[in-house]
Amino acid sequence: MSILSRFSAPKTRHILTTRPIVFASTSQPTRSFASVINAPQVSSSSHSHKVVIVGGGSAGITISNQLLRSGRFTSKDIALIDPAEWHHYQPGWTLVGGGLKDKDSLKKRLDDMVDAKVQFYNDQVQSFSPDQHTLSLRNGAQISYDQLVVCPGIKVDFTSIRGLQDAIADRHAPVSSIYSYDTCDKTARNLADFRKGKALFTHPTGPVKCAGAPQKIMWLALDGWKRAGLYKPDYPSTSPVHISFATGMPVMFGVPKYSQKLDELRAQRAVEGLFQHDLVAIEGNTAILAQADGKGEVKRHFELLHAVPKMGPHPFVKTSALANEAGFVDVDEGTLRHKRYSNVWSCGDASGLPTSKTAAAITAQAPVLVSNLLSVMQDQTPSEIYNGYTSCPLLTEYGKVMLAEFAYGGKPYETFGRFVDQATPRRAFYHMKKDFFPWVYYASMVKGTWAGPKGWKW
Ligand code: UQ1
C-alpha cells in the first residue's frame with residue numbers, strides 16, 4: 001500500500017485489526033506483556049552457573065551468544081533469566097506506528113532465541129544478594145553465580161501519566177503510543193484516520209529509551225498528512241492539521257549537532273515547539289503539561305495525541321544493592337563492571353551508563369562487557385573500554401533518515417562522517433533503518449556475530 005493511500009484512505013475501510021488493546025501488568029518487564037510460560041518447577045531448590053544473565057532482550061541474548069562463541073563454556077555454564085514469552089525488535093515499533101511494518105514480523109519466541117546450551121529460567125528475578133553471589137527467582141529458586149550480568153531493560157510506565165492507560169485502551173480515543181507492542185499499531189490507525197485538528201506529540205522528562213522515537217513518529221505523521229494534502233507547512237493557518245511537539249527537554253535532541261538541524265526542520269515545517277513541557281495528565285481531549293521550574297501547568301486541546309510514558313528502572317533493580325541513586329545498575333562507564341561488586345556487570349537500558357538507551361548501543365557495549373568479563377574470569381584486569389557509542393537513526397520523513405551517532409559527552413562519533421554529513425537526512429540511511437538493521441539484528445547481532453559499525457566478528 002502506498003504511503004499516500006494509507007493516509008487518505010476513506011474512514012469506512014476495514015481497519016487492520018479489531019483486536020482490543022490489552023494491557024498486562026506494567027510491573028512486568030516491557031518485553032513481557034504476555035504470560036509467563038515454562039517456569040521451571042524448581043521452588044526452594046538451588047542452582048549454580050558460571051555466568052548468570054538477567055534479561056533476554058538485545059543485550060542479554062547478544063551477550064549469551066558472544067560468551068558461547070568464546071569456546072570457554074560448556075552446557076549450562078551460562079544461564080539466562082527472563083519472564084517474557086516474546087523477544088521484540090523494539091526499534092521497529094516506530095516503523096509499525098508509521099504503517100511501514102507489521103508488528104508481528106518483529107517478534108520471536110524468546111525460548112527459541114536462547115541457545116540450547118544456555119539454561120533458560122523463564123521467570124522473574126525476585127531479589128539480588130550480591131554479597132552472597134546469589135539471586136532468587138519469583139518461584140523461590142536460589143541461583144548462584146561466579147559472574148552476574150544485569151540487563152533486564154527499563155520499565156515503560158503507562159501509569160506515569162494520569163489518564164493515559166485508559167485513553168490508550170479505549171479503541172475510539174485518539175491517543176496512542178509506539179512504546180509498546182500492544183499499542184504501536186493503534187498509532188498507525190490513528191495517524192491514518194486523522195483528517196483535521198490539533199495533533200500533539202509528547203516526549204517526557206527523565207530517561208527514555210531511544211530518545212529520538214517520540215519525534216520520529218511525528219515526522220512520519222507530518223509527512224503522511226502533507227502528502228495527503230492535509231498539512232501545509234507553507235500556509236499553516238489554512239492547514240486542516242496543526243502539529244505541536246511538547247517535550248520535557250529544553251532542546252529537540254541531546255546532541256547539539258543533531259538538535260540544531262532538527263530544530264531547523266521543526267521551524268521550516270511549522271511545528272510548534274513547546275519546550276520544557278512535560279505531559280502529566282490526559283482528561284478527555286485535553287492534555288495537561290507541567291512546565292519546568294515550577295512555572296505551573298498549561299492545558300492543550302488535541303484531536304490526536306501521541307504520548308510517550310515516563311520510564312525508569314525495574315523495581316527489582318532499583319531497590320537492590322546494585323543500583324545507583326537513580327536506580328540503575330551502578331557500573332563503570334568504561335569497563336561496564338559494577339563499581340562495588342567486582343563480579344557484576346551491566347549494559348543496556350538497565351545500566352546507569354550516561355549515554356542514550358538504544359539497541360545500537362548494545363552493538364558496542366556487548367563486546368566490551370564480554371571481553372572484560374572473560375578477562376576477570378582468568379584473573380586478568382579488564383582492558384576494553386566502552387566510549388559511550390550509541391546511535392539514533394532519526395526518521396525525518398518517509399524515505400529519509402538522519403543517522404545520529406555519538407559517544408559520551410554528546411560528541412558525534414560517525415561511521416560515515418568522513419564521506420557525508422550525517423545530520424543531513426538521507427535515503428541510504430532510511431534503508432539501513434527500515435531494512436538492514438532489522439535484518440542484521442536477527443541474522444547476526446543477537447547471534448553474537450555483529451558489532452555494529454565494527455562489522456561482523458567472531
Ligand atoms: C546497529 O548496529 C543496529 O543494530 C542492528 C541498529 O539497530 C537498532 C542501529 O540502529 C544502528 C545505527 C546500528 C549501528 C550500525 C551501523 C553500521 C551504523
Side-chain angles (χ1 to χ4, degrees), residues 30-31 57-63 65-66 87-98 100-101 103 105-108 113 151 153-154 178-179 181 184 208-213 215-217 219-220 253-255 257-258 347-349 355-370 386-396 400-407 411-458:
T30 48
R31 296 176 310 282
S58 305
I61 298 290
T62 302
I63 287 167
N65 284 322
Q66 288 185 2
H87 176 106
H88 295 281
Y89 179 71
Q90 295 184 23
W93 290 347
T94 318
L95 302 168
V96 175
L100 293 165
K101 292 241 185 232
K103 67 179 185 175
S105 70
L106 301 167
K107 71 176 186 181
K108 289 196 190 292
M113 293 188 64
C151 47
I154 194 170
I178 54 169
Y179 272 82
Y181 174 77
C184 55
V208 284
K209 60 173 132 195
C210 191
Q215 64 184 285
K216 290 177 195 172
I217 191 62
W219 297 131
L220 290 182
F253 196 71
V255 179
K257 170 174 176 174
Y258 309 111
C347 70
D349 296 359
T355 192
S356 269
K357 298 179 183 302
T358 70
I362 305 301
T363 65
Q365 293 167 1
V368 171
L369 189 154
V370 166
Y386 171 59
N387 70 353
Y389 174 83
T390 189
S391 164
C392 185
L394 262 145
L395 291 148
T396 53
K400 291 230 174 119
V401 157
M402 171 193 297
L403 187 58
E405 288 183 286
F406 46 99
K411 247 182 47 208
Y413 191 82
E414 300 177 342
T415 307
F416 310 100
R418 272 179 298 153
F419 312 109
V420 293
D421 177 11
Q422 291 192 198
T424 302
R426 290 172 196 280
R427 180 164 284 277
F429 297 153
Y430 175 78
H431 287 294
M432 287 175 83
K433 164 77 188 165
K434 184 170 88 62
D435 306 313
F436 177 68
F437 294 142
W439 172 79
V440 80
Y441 180 81
Y442 279 122
S444 302
M445 178 178 155
V446 289
K447 293 184 176 154
T449 59
W450 166 255
K454 295 195 173 144
W456 281 273
K457 291 200 159 188
W458 304 284

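In each ligand, atom 1 is the first atom listed, and ligand 1 is the first ligand listed. The shown structure was predicted, so the numbers you read here are calculated from the model rather than taken from an experiment.
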Thr449 side chain to Ser444 main-chain N or O, any donor-acceptor pair under 3.5 Å? yes
Please state which option from Phe416, Tyr442, Phe437 has its nearest heavy atom closest to atom 9 (C) of ligand 1. Phe437
Can you give me the closest heavy-atom contact between Tyr179 and Cys210, atom names plus distance? OH-O, 2.9 Å
For atom 5 (C) of ligand 1, closest protein heavy-atom neighbour: Val440 CG1, 3.6 Å
Can you confirm if the NZ or CZ of Lys108 lies within 45° of the ring axis of Tyr442 and under 6.0 Å from the centre of its six-membered ring? yes
Any chance you could measure Leu106, atom CG, to Tyr441, atom OH, to the nearest 0.5 Å? 10.5 Å
Is there a polar contact between ligand 1 and Trp450, counting only N or O atoms under 3.5 Å apart? yes
Do you see a donor-acceptor pair shorter than 3.5 Å between the side chains of Thr363 and Tyr389? no
Atom indices of ligand 1 within 4.0 angstrom of Pro91 heavy atoms, with elements: 8 (C)
So for Lys433 against ligand 1, with non-hydrogen atoms under 4.0 Å, the contacting part is neither
Nearest heavy-atom neighbours spanning Ala361 and Thr390: CB-OG1, 3.5 Å
Under a 4.0 angstrom heavy-atom cut-off, which atoms of ligand 1 come close to Pro393? 10 (O)
Taking heavy atoms and a distance under 4.0 Å, where does Tyr89 meet ligand 1: side chain, backbone, both or neither? side chain
Name the residue from Lys433, Gln422, Arg426 that meets the side-chain contact (heavy atoms from CB on, under 4.5 Å) definition with Leu403. Gln422
Atom indices of ligand 1 within 4.0 angstrom of Ser391 heavy atoms, with elements: 12 (C)
Could you list which atoms of ligand 1 come closer than 4.0 Å to a heavy atom of Ala360? 9 (C), 11 (C), 12 (C), 13 (C)
Checking heavy atoms under 4.0 Å, the part of Tyr389 that sits near ligand 1 is side chain
Which ligand 1 atoms are under 4.0 Å away from a heavy-atom of Thr415? 18 (C)
